[in-house]
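Reading through the structure tokens given below for one structure.
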Amino acid sequence: MQYNFNEIEAKWQKRWAAENTFQANSNSAQKKFYGLDMFPYPSGAGLHVGHPLGYIASDIVSRYKRHKGFNVLHPQGYDSFGLPAEQYAIQTGQHPATTTKTNIERYRQQLDRIGFSFDWSREVRTSNPDYYNWTQWIFIQLFNHYYCYTSNKAQPIAKLIDLFENEGNKHVNAASDEGVESFNSAEWKSFSSEKKEEILLHYRLTYLAETEVNWCPALGTVLANDEVVNGRSERGSHPVYKKKMKQWSMRISAYAERLLEDLDGLDWSESIKEAQRNWIGKSEGASVKFNVKDHDEVIEVFTTRPDTIFGVSFMTLAPELDLVQKITTSAQKEAVDAYIKASSLKSERDRMADVKTISGVFTGAYAIHPFTQQLIPIWIGDYVLAGYGTGAVMAVPSGDQRDFDFATHFNLPIPNVFEGVDVSKEAYSDKDNGVITNSDFLNGLKIKEEIDKAISAIEAKQIGKRHTNFRLRDAVFSRQRYWGEPFPVYYVNGLPRLIEAQYLPLVLPEIDEYLPTEDGAPPLGRAKKWAWNTSTNQVVSNDQIDEVTTFPIELNTMPGWAGSSWYMFRYMDPHNQDQMASQDALNYWQNVDLYIGGSEHATGHLLYSRFWTKFLYDINEIPVEEPFKKMINQGMILGESAFAYRIKETNKFVTQSKAKDFETDPIHVDVSMVNVSHQLDIQSFKKWRSEFATAEFITEKDGSFLVAREVEKMSKSKYNVINPDDICETYGADTLRMYEMFLGPIEQAKPWNTAGITGVHNFLRKLWKLYHNGEQFEVNNAAASKEAMKTLHKTIRKVTEDIENFSFNTSVSTFMIAVNELAKQKCNSKEVLEPLAILIAPFAPHIAEELWEKLGHNDSISTAPFPVYEDKYIVEEVKTYPISFNGKMRFTLDLSLDLAKEEIEKSVMNDERTKKQLAGRTPKKVIVVPGKIVNIVG
RNA sequence: GCUCGGAUGGUGGAAUUGGUAGACACGUUGGACUUAAAAUCCAAUGACCAUUGCGGUCGUGCGGGUUCAAGUCCCGCUCCGAGUACCA
């Protein structure tokens, strides 16, 4: 009987769907396992063979856990708000919801065809109002909380108001914006409600503030720091500029310390943890205030080297600082203004590319050194970033290379504060060694001590204090876009008010065009019905806005990461209308046991999710502090692009081996027109694009035309995309699943090469044949042979180990070895073949189900207990010892494992071959490791 | 620059705690079956030398070291990939 994979796979996919085979149960006494794939964005391009790699791995583990008796939650859904659908809407006028729906349907078809054991009854979509109701709800909770550093958790804003009423804000130990004015209880009480609201906004965990943002004109929106790559937008690679705008932000910086500390407890790859550590960027030191001569203004700097404070010879401020305007002297004003203008016009990218050029301008003002009272010139320079620390540095040219370069360039003094070190050529920036000199009370101390001593002195003088600074910035949360969650916010006198949670969801309104309005407002500015009536609590038409009961609603929408920051909890109870998820479900499922996805989300999604999880934990909404206990990052599957060489300025192509004789341009060719021997199908190529219809070809001697190949990222534009549907059609989903695993270690990037797939496909056919005799399914009930049992148990042991270690490529080899051995043994025994079917079920579920059914079972194989390895079947009595001479293996010798060291040595020394190797020499030493090896030295 | 990975046949990749390097698969070559092809099956396949057979030398990016024994451990490099980048 033929292995008819198409028929078998369709049959079981239908059965699984009809019988809800993979539905998870939230009320279970069973132990739980939660396996999750990173949330897919349903792009218009559909899936290519790289996407399912991680899904296959998590599916194998999920199926394995079901066999092991776990109640498994293995859901899937869509991160369905986002830029591409909206860009497409702008071009075509098609509603993004329509595009999204179409894309999701295609994704679903493709996913279904690969035979995943997803519980589709739990599907979520972030663009669905039932879902974003709770995204909006979380936003409200964030708004209604602040971060208290004393209790080290989020606290209700009402508690903060109490504190303000009782004692003002002098002793409040809370996360807030820079430079919040201080007030006492009486002052607070005297403030207007508007003023109070403004102050509270400086403390709320999500807040509206004028901030410097990454503005991307091409996309018409701001971007978060992690969405900017090398000064360009991650999507589309458009230039990004700095701009001040009033935006919603998330006070993730309040959680910096916890986000950093808790990394240690996570079973994630070291590289992702390290990326997060760097992104959070904790540094310890001191903040120090410098008075400005003839001004009331104070310059506060952050430094990790307060011990070098006597080496300060100038100050540098970021040009963007407001302070610059205030202190610049009239003589320098023109130069300073010109410099500020020039640097604001540079994009982030230009500024970064310009690292080597040193630029700056003197402001004319002087700071006063707090210890020596010396006057220190204040400069501005764009090597100082407004966004880090206070945007000002105390420049110590002898101890910092950038300060040194700046000083050298502008001929500023370089006072040396290091004993016995030459600082005429470069700064001495060693942070572990060195002794301070020329520094009054710090002279002669080692770095660690002197830092402490310097901070004590600074604190005693009340000019600063010990301070820990984080690189992590608050995350901009507004997007000037249509296709995202609306904020549940309306404005009264320009101040934000929140719509109460009971009136959620606030549903995205319809608009005529997905573009900003003429006066530059976000697309929601086009909505006709986008006002909030506070007496009826409804969205009403804009013409009813009276600023008494009816007010305008926020026009920005939330960013892509809003919905994806908490979706892992919604799967636990996806249809709950009253809560984000029930306490029972949250307590039972806890968090994700295994998370599989790419490492590109290291500083975005994976950090934001951790932040929201900690917040939800703080407000007692969920029982865990971390969303993902263990994570595996699958490597990218790369494409193998094909190039045909076209002779410059002609329509003539030349085969690869002769290309060097001409001046050519390589042209990407669709890989579907190229065979495994790299020969191009010229006829298809001519039909492919009209410009090639009349192309001429210089071929090899045999008339074939060879292309060049190169490994690149798989992408539509490179014509190297391999579609999993095609593989399923030709070889079947089971083959695809096993082949993707067989390619190599899951975490490693690798090129897709279809050539090897036949090996895996043949293996499945051999497996099928084991259970058949010609046309007939045939498995006998006789006891299996000793060898067959040994093969089986060896396989059980290795496969179990491999799954636990995520080493799926080696399990596929193990199965191949098992089937080869069983075929050789002519094993046809149910005692072996039945457990074998279960073993392979997580990898190749369709063929396993079919064989299981033929073996006489009515239930799905999916919960059949996983075979348990038993030692007794593979106990060896004899070991084939490698016999080495001076470390080189010369021959092998079969010896009983019972033998003692001395007996082994005796047998080896008596062997003819030993005598021959020694050729009469007497060995100096004989090393015998029982069960392992014998090595004769001499 | 810094951080984290990686480098093993023609190819993808195996190799327990340091203990037979190259499992498994692709590809290639030869053979069987066939009128032929495909499919299938069998055999060989790291390089070099030797060959009737037995065998030998070299070999895991490079150079050292530790050890009876190193792909694996240590020291110093080279190259490739990823992340990050004026972070005070």
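Treat the numbers as computed from the prediction; the structure is a model and nothing was measured. Naming convention: chains lettered A, B, ... in sequence-line order (proteins, then strands); numbering from 1 in each chain.
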Candidate nucleotides B:rA15, B:rC24, B:rU40, ranked by approach to the side chain of A:Asn762 - the nearest: B:rU40

Touch class at under 4.0 angstrom, heavy-atom based, for A:Asn935 against every strand present: base

Rounded distance (nearest 0.5 Å) linking atom CG of A:Leu897 with atom OH of A:Tyr881: 5.0 Å

Sugar-phosphate only, base, or nothing, as touched by A:Thr814 at under 4.0 Å among non-hydrogen atoms: nothing

Touch class at under 4.0 angstrom, heavy-atom based, for A:Val937 against every strand present: sugar-phosphate

Comparing A:Met394 and A:Asn278 on RNA chain B - which has the more 5′ nearest nucleotide: A:Asn278

Sugar-phosphate only, base, or nothing, as touched by A:Glu274 at under 4.0 Å among non-hydrogen atoms: sugar-phosphate

B:rG53 - base-pair partner by Watson-Crick or wobble geometry, distances under 3.5 Å: none

Shortest side-chain distance from A:Phe742, nucleotide among B:rA85, B:rA25, B:rU20: B:rA25

Rounded distance in Å between the P positions of B:rU57 and B:rA50: 15 Å

Distance, rounded to the nearest Å, where A:Phe763 contributes CZ and B:rA23 contributes P: 18 Å

Distance, C1' atom - from B:rG22 to B:rA47, rounded to whole angstrom: 13 Å

A:Glu300 and A:Thr390 side chains, donor-acceptor separation under 3.5 Å: no

Atom-to-atom span, CD of A:Glu912 to C1' of B:rC54 - whole angstrom: 14 Å

Distance between C1' atoms of B:rC74 and B:rC42 (Å, rounded): 48 Å

Pairwise P distance for B:rC77 and B:rU16, with rounding to whole Å: 29 Å

Distance, rounded to the nearest Å, where A:Lys273 contributes NZ and B:rU3 contributes C1': 15 Å

A:Tyr383 side-chain proximity, nearest of B:rC86, B:rA69, B:rU20: B:rC86

Pair partner, B:rU16 [Watson-Crick or wobble, under 3.5 Å]: none

Nucleotide nearest A:Ser271 (side chain, heavy atoms from C-beta), chosen from B:rA14, B:rG19, B:rC4: B:rC4

Whole angstrom value for the distance that separates C1' of B:rA88 from CG of A:Asp307: 13 Å

Counterpart base for B:rG61, defined by Watson-Crick or G-U wobble contacts under 3.5 Å: B:rC77

Minimum-distance pair of heavy atoms, taken over all atoms of A:Ile378 and A:Thr363: O-OG1, 2.7 Å

Sugar-phosphate, base or nothing in reach of A:Glu747, heavy atoms under 4.0 Å: nothing

Listed nucleotide nearest any side-chain atom of A:Thr758, set B:rG27, B:rC87, B:rC68: B:rG27

Partner nucleotide of B:rU35 by Watson-Crick or wobble geometry (both distances under 3.5 Å): none

Whole-angstrom distance between B:rG71 and B:rG63, as gauged at atom P: 14 Å

Rounded interatomic separation in angstrom, taking CZ from A:Arg402 and C1' from B:rA85: 11 Å

Given RNA chain B, 5'-ward residue of the pair A:Ile757 and A:Phe302, judged by closest heavy atom: A:Ile757

Pairwise P distance, B:rU17 and B:rU72 [rounded to whole Å]: 15 Å

Candidate pair A:Ser641 and A:Asn720, rule side chain to side chain donor-acceptor pair (under 3.5 Å), full reasoning: CA-CA 5 Å; A:Ser641 305; A:Asn720 61 0; 3.0 Å; yes

Which nucleotide in B:rA25, B:rA39, B:rA21 has an atom nearest any side-chain atom of A:Met889: B:rA21

Sugar-phosphate, base or nothing in reach of A:Lys888, heavy atoms under 4.0 Å: sugar-phosphate

side-chain hydrogen bond (donor to acceptor under 3.5 Å, both in side chains) partner of A:Arg305, chosen from A:Thr308, A:Thr303, A:Asp307: A:Asp307

Sugar-phosphate, base or nothing in reach of A:Asn820, heavy atoms under 4.0 Å: sugar-phosphate

Partner nucleotide, any strand, of B:rA69 [Watson-Crick/G-U, under 3.5 Å]: none

B:rU45 pairs with, by Watson-Crick or G-U criteria that keep both distances under 3.5 Å: B:rG27

Nearest-neighbour nucleotide for the A:Pro745 side chain, B:rC24, B:rA14, B:rA88 considered: B:rA14

Sugar-phosphate only, base, or nothing, as touched by A:Arg890 at under 4.0 Å among non-hydrogen atoms: sugar-phosphate

Validation row, ring centre A:Phe406 to ring centre A:Phe314 under 6.0 Å: yes

Distance, C1' atom - from B:rA38 to B:rA32, rounded to whole angstrom: 16 Å

Close side-chain approach of A:Val934 to A:Glu905, heavy-atom, < 4.5 Å: no

Nearest-Å distance for atom pair CZ/P, residues A:Arg305 and B:rA88: 11 Å

Distance, rounded to the nearest Å, where A:Arg913 contributes CZ and B:rC54 contributes P: 14 Å

Mutual orientation of the aromatic rings belonging to A:Phe5 and A:His761 [parallel < 30°, tilted 30-60°, perpendicular > 60°]: perpendicular

Among B:rC58, B:rG83, B:rU17, the nucleotide that comes nearest once only the side chain of A:Lys932 is considered: B:rU17

Sugar-phosphate only, base, or nothing, as touched by A:Asn809 at under 4.0 Å among non-hydrogen atoms: sugar-phosphate

Syn/anti label of B:rG31 as read from its glycosidic torsion, with the cut at 90° from 0: anti

Sugar-phosphate only, base, or nothing, as touched by A:Ile927 at under 4.0 Å among non-hydrogen atoms: base

B:rG5 to B:rC75 separation - P atoms, rounded to the nearest Å: 14 Å

Base-pairing assignment for B:rU3 (Watson-Crick or G-U wobble, both under 3.5 Å): B:rA82

Among B:rA88, B:rC41, B:rA85, the nucleotide that comes nearest once only the side chain of A:Arg471 is considered: B:rA85

Within residues 394-404 of chain A or reaching into it, pairs that qualify as side chain to side chain donor-acceptor pair (under 3.5 Å) - sequence neighbours excluded: A:Tyr383-A:Asp403, A:Asp400-A:Arg402, A:Gln401-A:Asp405

Closest nucleotide among B:rA85, B:rC24, B:rA15 to the A:Trp279 side chain: B:rA85

